[in-house]
**Student:** 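Shown below is the structure under consideration.
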2 protein chains.
Amino acid sequence: MTTQQDLLDTLAQVARGLGNGHRLALLERMAQAEASVDTLASTTGLTVGNASQHLQQLRRAGLVTASRSGKQMIYRLTDERIITVLSLLRQVAETNLAEMERLVSRLFSDDDADGALETVSQSELLAGLESGEVALLDVRPVEEFQAGHLPEAINIPLEQLEAMLEKLPRDKQIVAYCRGPYCALSHEAVQRLRELGYRVRRFEEGFPEWKAAGLPIQ
Amino acid sequence: MTTQQDLLDTLAQVARGLGNGHRLALLERMAQAEASVDTLASTTGLTVGNASQHLQQLRRAGLVTASRSGKQMIYRLTDERIITVLSLLRQVAETNLAEMERLVSRLFSDDDADGALETVSQSELLAGLESGEVALLDVRPVEEFQAGHLPEAINIPLEQLEAMLEKLPRDKQIVAYCRGPYCALSHEAVQRLRELGYRVRRFEEGFPEWKAAGLPIQ
DNA sequence: CTATCATTCTATTAAACGCTAGAATAGCAG
DNA sequence: CTGCTATTCTAGCGTTTAATAGAATGATAG
């Protein structure tokens with residue numbers, strides 16, 4: 001029965017969609033919010049032509065779909081489960097590839113010497129929100145916030161952090177989040193807010209993972 | 001920060017490990033039981049040299065590890081979560097690629113016209129086992145059965161099905177399972193047993209998925 | 001210490017991938 | 001219809017991947 005191998009080959013084709021760093025960046029961006037080719041290209045630093053080709057490939061792999069809106073093509077993920085796949089892949093990579101561990105610690109341990117920047121897990125965050133002791137800070141750009149965010153989150157894009165401090169409550173523990181575990185925005189925000197005397201911690205995941213877990217969003 | 005992209009590139013390297021049909025076949029085989037290069041090569045129909053190269057690549061991707069046992073190298077999955085990744089990938093592929101759906105139906109709908117061969121889900125199976133109404137039949141080869149199987153399962157490798165019928169209870173509903181959703185063994189077994197008058201159905205997944213779900217094994 | 005078996009390494013070839021740059025197409029505004 | 005913008009298509013070039021065959025290495029049994 002050669003159909004067996006055909007199935008695996010087709011499945012492999014889907015996996016190959018994930019087999020390139022630029023395509024992963026595109027998928028991660030689409031996990032925040034659907035977007036046009038142009039937007040996707042500029043937020044990932046690719047030329048438009050190159051981004052378009054990668055998007056075609058993702059489309060052939062069944063990972064994204066596109067629809068036309070006026071002059072623009074809007075791309076989005078076909079499936080919530082893709083976020084879960086990426087999340088698991090990340091876990092597998094972190095536990096089994098030394099290289100991965102090295103890169104992750106390089107990304108985050110700049111001045112984490114005192115362990116003060118430790119993260120908040122999903123369950124801890126849920127408990128904190130429940131009890132009303134925690135205020136949520138979303139440091140992603142406005143467009144991504146508007147396409148969906150955690151409940152009650154306050155949006156202050158990182159560039160405007162100092163300018164919009166009055167939006168943050170002084171009396172609560174603050175938890176900052178952004179695009180996902182490897183997104184540096186919330187990490188940066190935590191450092192800057194700590195220097196200003198706020199009690200802040202970082203959510204260890206991001207908006208897409210929260211959404212894929214089936215938790216409520218706005 | 002170029003570390004961001006380095007992380008995605010490393011992650012992409014892991015995904016590329018899954019990006020080839022032969023490697024998926026090797027992974028699926030290792031999900032049943034660890035095995036030597038030689039065994040893996042012959043069960044997947046690859047030359048030993050070629051299988052070895054694919055295994056090196058899986059090793060570099062952090063998906064498998066190897067240890068020496070006498071003259072042989074024994075390969076195994078590094079991580080239970082790999083099975084979950086494959087499972088999700090399969091779901092994404094089935095819902096979003098027409099080609100995939102076509103192949104799956106070709107594999108199974110030979111003479112399923114009356115819908116009699118419908119499958120049993122994990123939760124249904126658990127309920128059936130609980131109530132004692134169901135007997136489990138494992139139609140995989142003996143070595144794979146011995147490396148792990150569902151609780152109370154009776155092992156009759158497909159080739160010996162008719163020869164070992166006396167091991168099957170006549171008074172219970174029988175549920176057959178094998179390597180996974182695309183494995184044809186249990187499908188074939190169900191058809192043959194039905195012709196002999198047994199009440200048989202097919203478990204829609206397989207041993208690796210059961211194990212990865214954290215359910216008890218023997 | 002040599003013969004044998006299991007595996008890995010090396011060289012080679014064909015195909016697939018990733019990128020660039022420029023041409024072609026689709027939708028829209030005037 | 002013309003010009004403008006967003007996107008896709010095409011050709012070309014260098015790199016990576018997959019397969020094969022044969023040489024090299026490692027472990028063990030005599």
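Hydrogens, waters and symmetry mates play no part in the numbers below; they use all other heavy atoms, side chains included. All chains are named by letter (A, B, ...) in the order of the sequence lines, taking the proteins before the strands, and each is independently numbered beginning at 1.
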**Student:** Nearest to the side chain of Val37(A), which nucleotide is it out of dA27(D), dT8(D), dC4(D)?
**Tutor:**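 So the side chain of Val37(A) is nearest to dT8(D).
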**Student:** For Arg179(A), what residues pass the side chain to side chain donor-acceptor pair (under 3.5 Å) criterion, not counting sequence neighbours?
**Tutor:**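 Glu144(A).
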**Student:** When you measure from the side-chain N and O atoms of Asn50(B) to the phosphate of dT20(D), is any distance below 4.0 Å, counting only OP1 and OP2?
**Tutor:**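 So the side-chain polar atoms of Asn50(B) do come within 4.0 Å of the phosphate oxygens OP1 or OP2 of dT20(D), strictly under.
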**Student:** In whole Å, what is the span from the CG atom of Leu55(B) to the P atom of dA18(D)?
**Tutor:**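 Nearest whole value for this atom pair: 13 Å.
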**Student:** Taking Arg90(A) as the fixed residue, which of Glu209(A), Glu101(A), Glu205(A) is the one that meets the salt bridge (charged side-chain N to carboxylate O under 4.0 Å, His left out) rule?
**Tutor:**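 Answer after filtering Glu209(A), Glu101(A), Glu205(A): Glu209(A).
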**Student:** Just by distance, with hydrogens left out, do Thr95(B) and Arg81(A) show a side-chain donor and acceptor under 3.5 Å apart?
**Tutor:**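 On atom types as modelled, these side chains qualify, holding a pair under 3.5 Å.
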**Student:** May I ask you to test the Leu18(B)-Val14(A) pair for a side-chain heavy-atom distance under 4.5 Å?
**Tutor:**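 Heavy-atom side-chain distance check fails, nothing below 4.5 Å.
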**Student:** Taking side chain as C-beta onward, heavy atoms only, is Gln72(B) less than 4.5 Å from Val37(B)?
**Tutor:**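 Contact flag for Gln72(B)/Val37(B) side chains = no.
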**Student:** What distance do Leu193(B) atom CG and Arg202(B) atom CZ have between them, rounded to the nearest 0.5 Å?
**Tutor:**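 If we round to the nearest 0.5 Å, Leu193(B):CG and Arg202(B):CZ are 13.5 Å apart.
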**Student:** Rounded to the Å, how far apart are Arg60(B) CZ and dT17(D) P?
**Tutor:**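 Going from Arg60(B) (CZ) to dT17(D) (P), I get 8 Å.
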**Student:** Between P on dT8(D) and CD on Gln57(A), what's the gap in Å once rounded to a whole number?
**Tutor:**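 My rounded result for the distance is 14 Å.
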**Student:** Among residues 28-36 of chain B, which contact DNA chain D at a heavy-atom distance under 4.0 Å?
**Tutor:**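 None, since no heavy atom is under 4.0 Å.
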**Student:** Just say parallel, tilted or perpendicular for the rings of Phe203(A) and Trp210(A), cut-offs at 30° and 60°.
**Tutor:**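 The arrangement is perpendicular - the two ring planes meet at more than 60°.
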**Student:** Any side-chain donor paired with an acceptor under 3.5 Å for Thr2(A) and Gln5(A)?
**Tutor:**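 Distance-only check fails for Thr2(A) and Gln5(A).
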**Student:** Please examine the side chains of Val120(B) and Glu204(B), heavy atoms only from C-beta on, and report whether any two atoms are closer than 4.5 Å.
**Tutor:**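 Sidechains of Val120(B) and Glu204(B): no contact.
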**Student:** Taking the six-membered ring for Trp and the single ring otherwise, decide whether the centroids of His149(B) and Phe207(B) are under 6.0 Å apart.
**Tutor:**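 So the answer is no for these two rings.
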**Student:** Taking only N and O in the side chain of Tyr75(A), is any of them less than 4.0 Å away from OP1 or OP2 of dT8(D)?
**Tutor:**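 Yes, within the criterion.
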**Student:** Side chains of Arg60(B) and Gln13(B) only: does a donor on one sit below 3.5 Å from an acceptor on the other?
**Tutor:**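 Their side chains do not contain a donor-acceptor pair, so the 3.5 Å distance test is not met.
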**Student:** Are side-chain N/O atoms of Arg29(B) and Thr39(B) paired as donor and acceptor at under 3.5 Å?
**Tutor:**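 Absent: no donor and acceptor within the cut-off.
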**Student:** Rounded to whole angstrom units, what separation is found between the NZ atom of Lys71(B) and the P atom of dA29(D)?
**Tutor:**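 Those two atoms, NZ and P, are 7 Å apart.
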**Student:** Tell me, please, which residues at least two apart from Asp9(A) pass salt bridge (charged side-chain N to carboxylate O under 4.0 Å, His left out).
**Tutor:**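 Applying salt bridge (charged side-chain N to carboxylate O under 4.0 Å, His left out) to Asp9(A) gives none.
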**Student:** Ignoring backbone atoms, establish whether Gln72(B) has a side-chain N or O less than 4.0 Å from OP1 or OP2 of dT28(D).
**Tutor:**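 For Gln72(B), the contact criterion (side-chain N or O under 4.0 Å from OP1 or OP2 of dT28(D)) is not met.
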**Student:** Work out how much the helix from dC1(C)-dG30(D) to dG30(C)-dC1(D) bends between its end axes, five pairs an end, to the nearest 10 degrees.
**Tutor:**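 Angle reported: 20°, given to the nearest ten degrees.
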**Student:** Using a cutoff of under 3.5 Å, can you pull out all pairs of nitrogen or oxygen atoms linking the protein to nucleotides 9-16 of chain D, with atom names and distances?
**Tutor:**
residue : atom : partner  : partner atom : Å
dT10(D) : O4   : Gln53(A) : OE1          : 3.0

**Student:** Do Leu7(B) and Val104(A) touch side chain to side chain, with heavy atoms closer than 4.5 Å?
**Tutor:**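 In contact.
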**Student:** Give the first and the last nucleotide of DNA chain C, reading 5' to 3', that has any atom under 4.0 Å from a heavy atom of chain A.
**Tutor:**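 Span of nucleotides near chain A: dC17(C) to dC28(C).
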**Student:** Need to verify one output field. Residue with the more 5' nearest nucleotide on DNA chain C, Gly19(A) or Arg68(A)?
**Tutor:**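 Looking at DNA chain C, the more 5' nearest nucleotide goes with Gly19(A).
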**Student:** Specify the separation, in whole Å, of atom CG of Leu26(B) and atom P of dA19(D).
**Tutor:**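 My rounded result for the distance is 10 Å.
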**Student:** Measure the distance from CG on Asp38(A) to C1' on dT5(D) and round it to the nearest whole Å.
**Tutor:**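 Computing the Asp38(A):CG to dT5(D):C1' distance gives 9 Å.
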